Amino acid sequence: EIGKPVNLGPDENILANTEQAHVTVSMNVVSPWVYKQDTIEKRMEELPLDMACAALNRRLERMTRNENCPFMAAAVEKSELFESASLFTLQVISSPDKWKAAMSAAEQELRRACEFGFSDLEISEIVRSSVNNAELAEQRWETSTCNGMADLLVKEIDGKQVPTAPKEDTRALMAGL
């Protein structure tokens, strides 16, 4: 065991490099890491949050098309840190003088998504994209190389995931939708 995080709850990091034309700012919610065996049920349980993250990321990406958007890029993600903490991260990339406005705009969009959710159109777009990606993975599976398979197995096992064929992943996705 690596240890337990000391600071649980919201946290932010500001990494500024004056030699670069942009800064990356992240806000993290840190919670204790809990091992959960990789099962179809676990994957289906996580599916709504995964879909919500994808919908919010698409919304944030669309915001960057507006010339008045204070950030160049923004995204949310959930991740694990060395089996010691679970993280939910909101990250923005902006010019150094706009980082506060950038984080504020992205955080406002996150709050809006939490309070009001997503439109049927946004959700159907994410579902279509997820199903399409699953079908493409099935098609690529037939032409996978030994090296590619070995890399996949190592990655999955290292992440304590159960390696499954894309057809099974598609079946689980469809069951969870």
Side-chain angles (χ1 to χ4, degrees), residues 5 7-34 36 42-82 84-140 155 159 161 166 169-170 172-177:
N7 299 322
L8 297 178
D11 178 34
E12 68 180 47
N13 295 319
I14 301 169
L15 305 173
N17 181 344
T18 56
E19 296 175 8
Q20 289 190 336
H22 65 271
V23 294
T24 301
V25 182
S26 65
M27 182 169 44
N28 304 291
V29 175
V30 183
S31 55
W33 178 79
V34 176
K36 292 182 183 175
K42 175 188 170 238
R43 292 180 189 189
M44 287 197 295
E45 179 183 306
E46 293 176 347
L47 190 58
L49 181 57
D50 291 342
M51 293 286 185
C53 287
L56 180 56
N57 286 338
R58 186 153 300 181
R59 196 183 276 184
L60 292 167
E61 187 273 326
R62 283 191 177 121
M63 287 175 67
T64 64
R65 297 178 193 163
N66 180 335
E67 68 181 46
N68 296 323
C69 182
F71 52 81
M72 297 172 215
V76 295
E77 74 171 346
K78 60 186 183 98
S79 59
E80 295 177 351
L81 182 64
F82 304 116
S84 65
S86 293
L87 304 175
F88 184 84
T89 302
L90 170 62
Q91 186 174 69
V92 297
I93 298 173
S94 72
S95 61
D97 59 326
K98 292 184 181 177
W99 74 266
K100 285 183 184 179
M103 181 53 80
S104 179
E107 182 184 9
Q108 181 179 359
E109 203 56 46
L110 172 60
R111 289 180 187 276
R112 184 177 292 120
C114 289
E115 186 173 346
F116 300 109
F118 301 95
S119 70
D120 290 342
L121 180 63
E122 287 175 302
I123 295 300
S124 66
E125 190 175 280
I126 296 303
V127 168
R128 243 187 343 272
S129 176
S130 297
V131 170
N132 186 50
N133 288 340
E135 290 171 349
L136 288 173
E138 279 187 55
Q139 293 169 11
R140 286 191 304 265
K155 179 182 170 196
Q161 301 289 311
D169 293 341
T170 302
L173 173 65
M174 299 310 280
L177 296 175

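On a predicted model such as this, the values are computed, not experimentally measured, just so you know. Only heavy atoms go into these numbers, but all of them, side chains included; no hydrogens, no water, no symmetry mates.
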Search all heavy atoms of V92 against all heavy atoms of A102 and return the closest pair with its distance.
-> CG1-O, 3.9 Å

Check step by step if side chain to side chain contact (heavy atoms under 4.5 Å, CB included) holds for L121 and S124.
-> CA-CA 5 Å; L121 180 63; S124 66; 4.2 Å; yes

Pairwise side-chain contact, S31 with F88, heavy-atom cut-off 4.5 Å (strictly under) | no

Distance in Å, L47 CG paired with L177 CG, rounded so as to fall on 0.5 Å steps | 5.5 Å

Distance col, row M103:CE vs Q91:CD, nearest 0.5 angstrom, shows 8.0 Å

d(L60 CG, L90 CG) to nearest 0.5 Å is 7.0 Å

Mind checking the CD1-OG spacing from I123 to S130? Nearest 0.5 Å is all I need.
-> 10.0 Å

Nearest-0.5 Å distance, OG of residue S95 to NE2 of residue H22 = 10.5 Å

What residues, two or more places apart in sequence or in another chain, satisfy salt bridge (Lys or Arg N to Asp or Glu O under 4.0 Å) together with E135?
-> none

Which residues satisfy the side-chain hydrogen bond (donor to acceptor under 3.5 Å, both in side chains) test with S129, sequence neighbours excluded?
-> none

Does CE in M174 sit with more than 12 non-hydrogen atoms of other residues, nucleotides or ligands closer than 6.0 Å?
-> no

According to the side chain to side chain donor-acceptor pair (under 3.5 Å) rule, which pairs have a member within residues 54-65, sequence neighbours left out?
-> R58-E125, R59-E109, R59-E122, E61-R65, R62-E125

Inspect the surroundings of CG in D97 and state if more than 12 heavy atoms from other residues, nucleotides or ligands are less than 6.0 Å away.
-> yes

State, to 0.1 Å, how close A85 and W33 come at their nearest heavy-atom pair, and which atoms those are.
-> N-CB, 3.3 Å

Quick one: list whatever passes salt bridge (Lys or Arg N to Asp or Glu O under 4.0 Å) with R128, sequence neighbours left out.
-> none

Across all chains, not counting sequence neighbours, the side chain to side chain contact (heavy atoms under 4.5 Å, CB included) partners of E45 are K36

Looking at OG of S94 and NZ of K100, how far apart are the two atoms once the value is rounded to the nearest 0.5 Å?
-> 12.0 Å

Listed pairs under 3.5 Å, donor-acceptor, residues 67-79 side chains, sequence neighbours left out:
unit_1	atom_1	unit_2	atom_2	d
K78	NZ	D50	OD1	3.1

